[in-house]
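Before any comments, here is the structure.
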Amino acid sequence: MGKALIIGAGGVASVVVHKCCQNPDVFEEICIASRTVSKCDALKAKLDGGKTKITTAQVNADNVPELIALIEKVKPDIVINVALPYQDLTIMDACLATKVDYVDTANYEPEDTAKFEYKWQWAYRERFKEAGITALLGSGFDPGVTSVFSAYAQKHYFDEIHSIDILDANAGDHGYPFATNFNPEINIREVTANGSYFDNGKFIETEPMSIKRVYDFPQIGPKDIYLLHHEEMESLALNIKGIKKIRFWMTFSQNYLTHLKVLENVGMTSIEPIEFEGKQIVPLQFLKAVLPDPSSLGPRTKGKTNIGCIFQGVKDGKPLTYYVYNVCDHQECYKEVGSQAISYTTGVPAMIGASMVMTGKWKRPGVFNIEEFDPDPFMDALNKFGLPWHEDFAPALID
Ligand SMILES: NC(=O)c1ccc[n+]([C@@H]2O[C@H](COP(=O)([O-])OP(=O)(O)OC[C@H]3O[C@@H](n4cnc5c(N)ncnc54)[C@H](OP(=O)(O)O)[C@@H]3O)[C@@H](O)[C@H]2O)c1
């Protein structure tokens with residue numbers, strides 16, 4: 001069918017590459033391009049020889065002219081951005097200049113301000129529409145699958161959804177005292193930011209980790225969950241009819257939180273540059289350099305993730321509750337693609353989102369959040385490509 005340019009060669013990109021190669025009818029050809037080309041070449045070496053033709057390239061995705069030159073050379077049908085959120089706008093600029101479709105998994109964040117909002121990417125709506133190209137935002141798991149779950153619940157089960165609780169549990173154990181499951185800089189910026197939830201038309205801010213509950217997850221058991229701000233709440237608040245309340249919950253162990261608190265207290269999670277031995281360094285970037293590389297966690301991580309959504313609302317005038325979730329086993333993921341479940345649960349939906357646009361099922365000019373498209377073909381593809389989902393119409397609720 002066509003060709004994808006994959007930007008980034010980290011944990012998530014590795015899964016995207018594996019999954020594109022499992023879907024060669026759509027991805028006849030892929031080019032893996034990143035800052036460090038040796039990482040792209042290593043991925044190619046691992047997967048070469050199948051039906052999907054693989055090439056590699058070096059690119060600095062902060063540089064628009066470099067990106068344009070690469071896109072003009074490769075001539076892809078779509079660009080899959082699995083670099084970092086800092087590169088979203090430069091890659092969107094290059095897609096606009098070359099009239100190529102775009103997909104990502106995380107919303108833009110300026111490097112010097114830890115604040116995730118869609119306003120920067122939504123500002124591209126008219127230009128993408130005029131150029132006749134599609135930008136699909138947030139095609140990972142959360143955002144991504146959680147948003148598709150919401151569209152599916154709205155389409156098939158509810159007249160109105162009144163509340164959504166998004167529940168993200170990772171019961172994996174990597175055996176290190178402290179490590180993050182994806183890019184440590186992005187991860188720590190996310191969990192040290194203020195929390196927030198949507199309540200009757202507005203967002204209420206909370207102190208980081210100040211709201212805690214315990215939830216008994218299917219196939220995992222009881223875990224401490226903490227309320228966080230998460231980007232999909234911003235678009236779901238606009239796109240889900242009748243919605244009154246949205247909360248996002250993530251599991252953290254006491255051990256993780258204690259380490260994080262100490263690092264925060266001594267200034268290691270700060271993104272303010274400091275002078276060190278005559279050089280400017282950002283403490284959080286230095287911390288990233290000393291923490292275990294998330295891609296090295298694959299062989300060590302045991303246990304499962306469970307990510308899903310509990311919806312409450314009405315159907316035919318009667319109250320209805322619906323829970324839909326996926327359970328993913330770290331070791332099974334490692335056996336299949338050489339990565340742990342956090343990269344797997346992000347990389348599979350990124351490939352599926354790109355295939356939705358490439359096959360024309362989700363091809364529409366403009367900039368869209370993932371819940372704005374028909375969820376059905378995506379839900380089918382989740383079952384086919386390794387992220388099967390389960391339903392429960394009488395789940396335990398969170399107060
Ligand atoms: N929606 C979700 O569910 C979800 C979940 C987890 C992660 N994510 C997102 O997925 C993305 C990838 O995460 P990851 O864990 O794979 O991160 P990662 O392992 O750190 O990989 C990032 C990759 O991007 C490359 N890169 C960084 N800056 C670049 C630049 N200026 N030009 C070209 N390449 C550049 C890096 O190159 P080097 O190797 O040279 O550093 C690296 O290969 C992030 O945006 C993250 O927020 C989404």
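None of these values were measured; they are calculated from a predicted model. Note that ligands are numbered from 1 as they come in the structure, with each ligand's atoms numbered from 1 the same way. What you see below is based on every heavy atom in this structure, not just the backbone, and it leaves out hydrogens, waters and symmetry mates. Residue numbers start at 1 and run along the sequence shown.
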task: Verify the ring-centre separation between Phe178 and Tyr256: is it less than 6.0 angstrom?
output: yes

message: Under 4.0 Å, heavy-atom basis, I'd like to know which part of Val12 is in contact with ligand 1: side chain, backbone, both or neither.
response: both

statement: Per-atom filter on ligand 1: closer than 4.0 angstrom to a heavy atom of Val82 are 12 (C)

- prompt: How close does the nearest protein non-hydrogen atom get to atom 7 (C) of ligand 1, and which residue and atom is it?
  reply: Phe182 CD1, 3.6 Å

field: Centroid separation Tyr323 to Tyr325 less than 6.0 Å
entry: yes

query: Which of parallel (below 30°), tilted (30 to 60°) and perpendicular (above 60°) describes Trp122 and Tyr118?
result: parallel

message: To check your reading of the model: name the closest protein heavy atom to atom 35 (C) of ligand 1, its residue, and the distance in Å.
response: Arg35 CB, 4.0 Å

task: Report yes or no: does Glu117 contribute a side-chain atom to a donor-acceptor pair with the main-chain N or O of Lys119 at less than 3.5 Å?
output: no

- request: Pull out every atom of ligand 1 sitting under 4.0 Å from any heavy atom of Ala106, numbered as shown with elements.
  value: 45 (O), 47 (O)

query: So, for Phe368 and Trp362, is the gap between ring centers shorter than 6.0 Å?
result: no

query: Do Tyr157 and Phe393 have ring centres separated by under 6.0 Å?
result: yes

query: How does Ser343 reach ligand 1, if at all, at less than 4.0 Å between non-hydrogen atoms: by side chain, backbone, both, or neither?
result: neither

query: Which atoms of ligand 1 sit under 4.0 Å from any heavy atom of Lys39?
result: 38 (P), 39 (O)

query: Looking only at heavy atoms of Pro294, does any of them come nearer than 4.0 Å to an atom of ligand 1?
result: no

Protein heavy atom at shortest distance from atom 10 (O) of ligand 1: Thr105 OG1, 3.2 Å

- request: Name the option, out of Ala83, Ala9, Gly10, Ser38, that contains the heavy atom nearest to atom 12 (C) of ligand 1.
  value: Ala83

query: Which of the listed options, Ser34, Ser339, Gly11, Pro349, holds the heavy atom that is closest to atom 25 (C) of ligand 1?
result: Ser34

